[in-house]
Protein chains: 2
Amino acid sequence: MTETKKPYHHGDLREKLLSAATILIADGGVDNLSIRKLADKVGVSRTAPYHHFKDKNELLCAIAEQGFYQQDQIVRAISTQKTDLPAAELFEEYVLTYIRFANENSETYDLMYGRDIWKAGRPTKSLKAISKNCFKLWLEWITVLQTEGVFESNHPPLRIAQSSWAALHGLCRLFNDGVYINQDDVDEIAKTTVEILIKKTS
Amino acid sequence: MTETKKPYHHGDLREKLLSAATILIADGGVDNLSIRKLADKVGVSRTAPYHHFKDKNELLCAIAEQGFYQQDQIVRAISTQKTDLPAAELFEEYVLTYIRFANENSETYDLMYGRDIWKAGRPTKSLKAISKNCFKLWLEWITVLQTEGVFESNHPPLRIAQSSWAALHGLCRLFNDGVYINQDDVDEIAKTTVEILIKKTS
DNA sequence: CAATCAATCTTGACAGTGTCAAAATTGATT
DNA sequence: AATCAATTTTGACACTGTCAAGATTGATTG
């Protein structure tokens, strides 16, 4: 666990690298992030970052991990703030927030759930853990919502969780990746998706 | 239109490049495709490909375009072969086939609908055209299915088309990108998605 | 048939990239 | 004060995309 280890010669280089990297990808995408450029930005030599991240991959994993924490915070805020909402509306609120997060942090989102990290099969242990936990929370919520009648009961909750999350994710990606481009549509499509997902009360 | 233009000195270099490139990305991903390696594979100098594709981007677009043709063929085969199927089951068949295509040609699929091409905002004119047409066909079908009662009528067909396709796409991506990894689940999740999408007949 | 032209291909070059190995620096520990 | 180990730097290597300039050559024209 080198997480909180302070560098000896400079300030907290690891932190500096992380925040600088986040800025770099925020404007310019992941392609705009090179170890060398990053090192230059922070004011160290090209290979200095390698003493805090084994790889470029590990750096990306760390950024993604931050993204999960951030997303968790935002999402958690909903359930604590809007305690009076009925379950179905809370669900919609969640979905909209999730998509908004993906939209506003498209590059981070891409790292969190994108092939750059996952396809190569080299996600960090801690990244694996936090993302797994993230899905577990989703699954648990879906399970509760199903018993509350928000979702149909003709499928196991795991399947509903998987397919509903895939629906969310697909929407995020289509906008994030520039396939769907009309940003004005995103909310309406999202609401449509939600209404398709939840049980018809008619 | 330089599409069918034959090279002067060698065989049909453009075609050779395309097929070699497709092979390269098929095993090893897009990252495994470099212009230089490609040129080497075909037996020309590093910069020879630049007389047939302005860019690496244009090469990728061409591969993606091929993918669309391929997908179109596969999908079209369904509706001509299974004419006896009821609409809802035909839809399921389509979805499963779509996902299977994405799965078996994951790298091509990634090019077709991925940020590499679209996010940078530099899809070829012809690529834009064919993908747009692809969605148009989807929308038209959804419209028909809605009048046939397969989908609910409480949303405009455009929204249903967008959100249902996003659901499909999300599923494809999660498996393609290695986020969902258990390949055995894909069919079941897909079926769940279909059943959620279509109108309940109970 | 010979000269010209333009498409095609090659060679050379430049600025990037990730990352390894070895040497240099330096704060903390003995 | 000397030692040690963590940190940083310098040098190097093999890649990458792509541009500019020259060489080759099939087709076109006079």
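No hydrogens, no waters, no symmetry mates; every other heavy atom, side chains included, goes into these values.
Here the P atom of nucleotide D:dC19 and the NE2 atom of B:H51 are 11 Å apart, to the nearest Å. Per the geometry, NZ belonging to B:K56 stands 15 Å off P belonging to C:dT17, to the nearest Å. Distance, A:Y50 OH to C:dA21 P: 13 Å, rounded to whole Å. One atom, CG of B:N57, and another, P of D:dG17, lie 13 Å apart when rounded to the nearest Å. In this structure, NZ of B:K54 is placed 19 Å from C1' of C:dT8, rounded to the nearest angstrom. Taking atom CZ of residue B:R46 and atom C1' of nucleotide D:dC15, one finds them 13 Å apart after rounding to whole Å. Between B:R14 atom CZ and C:dC9 atom P there is a gap of 13 Å when expressed in whole angstrom units. Taking atom CG of residue B:L13 and atom P of nucleotide D:dG26, one finds them 15 Å apart after rounding to whole Å.
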Acceptor/donor pairs from residues 164-177 of chain A side chains to any protein atom, 3.5 angstrom cut, sequence neighbours excluded:
{"from": "A:S164", "atom 1": "OG", "to": "A:I160", "atom 2": "O", "distance (Å)": "2.7"}
{"from": "A:S164", "atom 1": "OG", "to": "A:A161", "atom 2": "O", "distance (Å)": "3.2"}
{"from": "A:W165", "atom 1": "NE1", "to": "A:Y98", "atom 2": "OH", "distance (Å)": "2.9"}
{"from": "A:H169", "atom 1": "ND1", "to": "A:Y109", "atom 2": "OH", "distance (Å)": "2.8"}
{"from": "A:R173", "atom 1": "NE", "to": "A:D177", "atom 2": "OD2", "distance (Å)": "3.2"}
{"from": "A:R173", "atom 1": "NH1", "to": "A:D110", "atom 2": "OD1", "distance (Å)": "3.4"}
{"from": "A:R173", "atom 1": "NH2", "to": "A:D110", "atom 2": "OD1", "distance (Å)": "2.5"}
{"from": "A:R173", "atom 1": "NH2", "to": "A:D177", "atom 2": "OD1", "distance (Å)": "3.1"}
{"from": "A:R173", "atom 1": "NH2", "to": "A:D177", "atom 2": "OD2", "distance (Å)": "3.4"}
{"from": "A:N176", "atom 1": "ND2", "to": "A:A102", "atom 2": "O", "distance (Å)": "3.4"}
{"from": "A:D177", "atom 1": "OD1", "to": "B:R115", "atom 2": "NE", "distance (Å)": "3.4"}

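For B:F68 and B:Y113, the gap between ring centers is short of 6.0 Å.
As the counterpart of D:dA21, C:dT10 is assigned, both hydrogen-bonding distances of the Watson-Crick or G-U wobble pattern falling under 3.5 Å.
Under the side-chain hydrogen bond (donor to acceptor under 3.5 Å, both in side chains) criterion, A:D187 pairs with no residue, sequence neighbours left out. For A:E93, the salt bridge (Lys or Arg N to Asp or Glu O under 4.0 Å) criterion is met by A:K82, not counting sequence neighbours. Scored by the side chain to side chain contact (heavy atoms under 4.5 Å, CB included) test, A:D184 finds A:N182 as partners (sequence neighbours excluded). With sequence neighbours excluded, no residue forms a side-chain hydrogen bond (donor to acceptor under 3.5 Å, both in side chains) with B:R100.
Residues from residues 25-37 of chain B lying near DNA chain D, meaning a heavy-atom separation below 4.0 Å, are B:L33, B:S34, B:I35, B:R36, B:K37 in numerical order.
A:Q66 places a side-chain heavy atom less than 4.5 Å from the side chain of A:T22.
Among D:dT9, D:dT18, C:dT8, the nucleotide with an atom closest to any side-chain atom of A:V44 is D:dT9.
A close approach under 4.0 Å does occur between a side-chain nitrogen or oxygen of B:H52 and OP1 or OP2 of C:dC9.
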